[in-house]
Amino acid sequence: MSIGISSLGFPRIGPHRELKSALELYWSGKIDAEELQADAAALRSRNWTAQRDRGVTVLPSNDFSMYDHVLDTSAMLGVVPEAYGRLGRAVGLDTYFAMARGNASVKAMEMTKWFDTNYHYIVPEFYSGQHFELSSTKPIDQFAEGFRAGFQTRPVLLGPVSYLLLGKSIDGIERVSLLPNVLPVYVEVLRRLADAGARWVQIDEPCLVMDLAPKATEALATAYTTIANATEGLNLLLATYFGGLGRNLELALRLPIAGLHFDLVREPSQLAAVAARAPRSMTLSFGVVDGRNVWRTNLRAVLDSIEPIVADRGLDRTILAPSCSLLHVPVDLELEADLDPDVRSWLAFALQKLDELRALSMALERGREAASEAFARSDQAVASRAASSKTHRADVAERLTRLTPEITRRANPSEVRRAAQRESLSLPLLPSTTIGSFPQTADVRKARSAKERGQITASAYEELLRDWTREVIRWQEQIGIDVFVHGEFERNDMVQYFGEQLNGFAFTRHGWVQSYGSRCVRPPIIYGDVHRPSPMTVAWSTFAQALTLHPVKGMLTGPVTILQWSFVRDDVGRDEVCRQIAFALRDEVADLETAGIRIIQIDEPALREGLPLRRSEWDTYLRWAVECFRIASSGVRDETQIQTHMCYGEFNDIVDAIAGLDADVILIEAARSKMELLDAFAGSYANEIGPGVYDIHSPRCPGEEEMTLLIEEAARRIDPSRLWVTPDCGLKTRTWDEVRRALTNMVAAAGRVRAKLAERTR
Ligand code: GLN
Ligand code: ZN
């Protein structure tokens with residue numbers, strides 16, 4: 001009798017981003033479709049081999065994707081909006097990539113975050129009466145490919161209910177009401193998989209860890225009854241992850257499924273309930289190793305918790321797995337030769353996580369001695385991390401204990417500050433500004449990588465940065481913007497730039513994880529107490545400020561965003577780590593103020609995406625997130641203006657929290673929603689606001705007329721004396737040509753509306 005070991009899914013990009021390279025070659029026409037397919041097949045084979053060599057007995061297939069597994073599901077079901085006009089039934093590569101990225105004639109489909117991860121998926125579009133038909137046989141093809149190569153796999157499918165809930169309805173139709181149209185395609189795929197030799201299929205329904213409306217609950221029951229009836233002999237493993245099942249546990253256990261995967265990392269407390277209530281014939285897949293984070297597992301603690309349950313239920317109905325697919329962690333820690341050896345000894349990437357699963361399974365099958373070495377290393381890591389002077393700093397801990405309400409409050413209410421700021425800043429009505437970055441051109445990126453490779457000296461690099469900064473200051477003078485930025489040329493990334501200057505952060509060389517398609521990120525690893533050894537941005541801000549009489553904004557990334565876009569230590573609460581970052585930023589804010597910077601912008605684009613999956617946990621999160629922003633921002637005088645910036649997504653849900661930040665000015669994405677968002681702010685919000693009038697995500701350059709209309713629209717919803725004029729986000733991804741035209745038009749539009757308003761009040 002033996003235990004199964006599964007990964008639930010393996011990183012697709014390859015340890016050296018091989019998939020990215022192949023995709024980019026294909027997109028630029030340097031290789032053809034056949035070569036791309038061959039490269040992808042080689043990656044899959046390599047992933048299967050690597051997993052099998054590490055002891056995985058339940059290998060996944062169809063976890064690989066050329067771009068995104070939700071888009072793959074759309075291709076499978078024939079969910080292709082008309083604009084992508086595919087020929088025939090099958091969704092070919094070109095249609096697929098057009099949906100993902102757009103092309104000369106069509107825009108890309110919308111993209112959004114996959115649950116609470118930093119992975120983005122392509123949002124499917126639904127409408128009433130939609131017809132679904134099998135349009136891509138990828139799940140079957142890739143199963144067969146593995147089968148031929150000697151890998152018996154368990155194919156992974158995104159479940160029908162989660163899939164429908166992840167999409168958007170374009171005509172108001174209730175998404176789950178399309179279930180009856182979708183199910184026949186699922187049944188067909190499953191039958192074909194069974195015919196091809198599949199014995200188990202993993203169906204992912206992460207929606208089960210969220211609050212479900214009654215219609216969705218019903219849909220789940222219908223879906224699995226229908227599927228089970230139509231696919232007798234095939235075993236379904238229902239995979240849930242990113243949290244606990246909570247009230248949905250009863251429902252999940254009532255479904256006609258042969259196995260259940262559940263997340264014991266996010267929700268260890270569900271172990272007892274699942275063990276007590278799952279039918280004895282049901283295979284349980286224990287998500288015991290963190291699939292979302294990079295820390296080694298405390299093997300002893302895991303073993304102690306599951307051992308009696310496994311003994312009771314039987315080894316052959318037990319699978320050990322990560323909490324979720326390993327898609328969200330880097331591939332191989334072995335590649336990180338430069339990491340601090342202590343920090344390195346606390347980490348596990350995808351391959352190392354498989355080793356942990358194997359050690360656990362050996363201990364369960366043959367007793368702890370069988371894996372004594374792995375257990376000793378795990379114990380050692382736990383002990384050294386807990387005791388290390390690298391993780392704990394007395395001064396940081398002590399400062400958190402001195403957190404009083406005064407620290408989170410400006411000295412005076414916003415009206416008082418506003419008067420003081422008006423006086424000291426003397427800005428016109430509808431002041432214009434930008435969000436921070438100016439184009440990160442090829443020149444800028446080339447210079448940075450030359451410096452990193454030692455091809456130019458640090459001082460030569462800095463001289464270039466100073467030139468570019470001078471240039472944008474001069475240019476802002478020329479076009480007549482009111483409040484300046486320095487352009488952020490010195491920043492590689494808005495989180496990495498700060499992490500590299502703070503204690504408690506580590507950076508990897510190859511720790512890539514997929515963000516979307518070919519785009520990968522290397523999140524910093526926050527391993528210890530966060531502390532700022534010295535000022536981070538003061539030199540650049542004061543350099544820029546000395547070049548002009550206009551206010552130049554100090555520019556900081558906020559605590560929640562730094563937290564959200566990093567791998568965060570799991571030995572203290574996220575709220576505590578966030579507070580530590582907030583205090584470090586508070587000191588930076590104070591230094592900027594002392595250095596004569598009159599306006600400081602603290603960006604929090606990730607505030608919204610940090611929201612927990614369950615509503616009941618929102619308040620707690622928002623309370624500490626807002627508190628952290630206020631710790632960072634509240635130490636300044638009345639005259640010093642605090643701005644914040646937010647983008648990505650729907651803000652209606654969190655308007656109260658945004659108001660609660662008590663920033664003097666919020667600059668917020670609004671162009672695409674045509675200022676609709678302002679209605680939410682029209683009532684109680686008393687501070688100033690700059691709704692974006694220029695959608696920087698699109699290469700299209702908005703004209704003066706269009707932006708004039710948007711500003712006027714804004715002025716109808718918000719008192720113009722509180723309005724700012726700004727783009728939706730930073731300009732780093734745009735070209736100079738686009739930025740020059742768009743900002744010139746924006747300043748002209750602000751001027752026009754300003755003149756009209758002046759006319760009216762005269
Ligand atoms: N200040 C940053 C910039 O302009 C903000 C980026 C963001 O919101 N993502 O680039
Ligand atoms: Zn932004």
Side-chain angles (χ1 to χ4, degrees), residues 111-113 118 120 432-441 444-445 448 465 468-469 472-473 475-476 481 483-499 515-516 519 521 523 536-537 540-541 544 552-566 585 588-589 592 597 599-610 629 632-633 641-651 654 658 661 663 665-673 677 689-698 724 726-736 738-739 742-743 746:
M111 196 163 69
T112 194
K113 297 219 172 199
N118 284 326
H120 302 70
S432 58
T433 189
T434 61
I435 302 297
S437 56
F438 270 95
Q440 289 256 334
T441 56
V444 177
R445 279 178 279 128
R448 184 175 308 128
L465 295 176
W468 291 317
T469 309
V472 287
I473 296 289
W475 188 75
Q476 290 172 93
I481 287 207
V483 170
F484 288 17
V485 297
H486 74 283
E488 302 183 20
F489 299 107
E490 76 287 6
R491 302 189 186 176
N492 36 17
D493 170 276
M494 64 186 291
V495 171
Q496 190 178 350
Y497 182 74
F498 290 92
S515 169
Y516 58 89
R519 197 176 142 72
V521 293
M536 304 184 281
T537 62
W540 283 111
S541 288
V552 177
K553 294 194 272 191
M555 193 60 66
L556 305 175
T557 302
V560 182
T561 299
I562 292 181
L563 184 85
Q564 201 59 31
W565 292 349
S566 301
L585 290 170
E588 184 72 14
V589 168
L592 284 168
I597 300 300
I599 306 182
I600 299 163
Q601 178 178 319
I602 305 175
D603 293 327
E604 284 291 21
L607 181 72
R608 156 84 227 228
E609 71 189 48
F629 182 91
S633 61
Q641 182 170 76
I642 297 290
Q643 303 199 346
T644 186
H645 161 66
M646 256 162 256
C647 49
Y648 306 125
E650 286 285 315
F651 297 106
I654 57 161
I658 295 174
L661 300 175
V665 182
I666 47 175
L667 305 172
I668 192 161
E669 173 179 323
R672 274 186 292 188
S673 77
L677 145 111
I689 183 164
V693 294
Y694 160 24
D695 172 12
I696 61 90
H697 301 97
S698 153
W724 286 63
T726 174
D728 263 348
C729 190
L731 302 166
K732 61 177 167 246
T733 57
R734 300 265 59 97
T735 67
W736 262 110
E738 291 159 351
V739 164
L743 289 189
M746 185 187 89

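For the numbers below, each heavy atom of this structure counts, side chains included, while hydrogens, waters and symmetry mates do not. Numbering of ligands and ligand atoms starts at 1, following listing order.
- Of all atoms in ligand 1, listed by their number and element, those nearer than 4.0 Å to a heavy atom of Lys732 are 10 (O).
- Atoms of ligand 1 found under 4.0 Å from any heavy atom of His645 (numbered from 1 in listed order, with element): 8 (O).
- Atom 4 (O) of ligand 1 has its closest protein heavy atom at Ser437 N, 2.9 Å.
- Of all the listed residues (Cys729, Gly730, Ala606), Cys729 holds the heavy atom that lies closest to atom 7 (C) of ligand 1.
- If you take OG on Ser541 and CD on Glu588, they are separated by 8.0 Å, rounding to the nearest 0.5 Å.
- Residue Cys647 has at least one heavy-atom neighbour below 4.0 Å for each of these atoms of ligand 1: 8 (O).
- At a threshold of 4.5 Å between non-hydrogen side-chain atoms, the residues Leu465 and Trp540 count as touching.
- In this structure, atom 1 (N) of ligand 1 lies nearest to the protein heavy atom Asp603 OD2, 2.6 Å.
- For atom 9 (N) of ligand 1, the closest non-hydrogen atom of the protein is Met494 SD, 3.5 Å.
- Per-residue contacts place Glu488 under 4.0 angstrom from the following atoms of ligand 1 (heavy atoms of the residue considered): 1 (N), 2 (C), 3 (C), 4 (O), 10 (O).
- Between Trp736 and Phe438, the two ring planes are parallel [angle under 30°; tilted spans 30° to 60°].
- Side-chain contact between Val665 and Gln601 is absent, with no heavy-atom pair separated by less than 4.5 Å.
- Here the straight-line distance linking atom CD1 of Ile597 with atom NZ of Lys553 works out to 12.5 Å at 0.5 Å rounding.
- Put simply, CD1 on Ile666 and CD on Gln643 are 10.5 Å apart, with the number rounded to the nearest 0.5 Å.
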Checklist line | side-chain contact (heavy atoms from CB on, under 4.5 Å) assessment of Leu743 paired with Leu731 | finding: CA-CA 10 Å; Leu743 289 189; Leu731 302 166; 3.8 Å; yes
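- In summary, the atoms of ligand 1 found under 4.0 Å from a heavy atom of Gly436, numbered by their order in the structure, are 4 (O).
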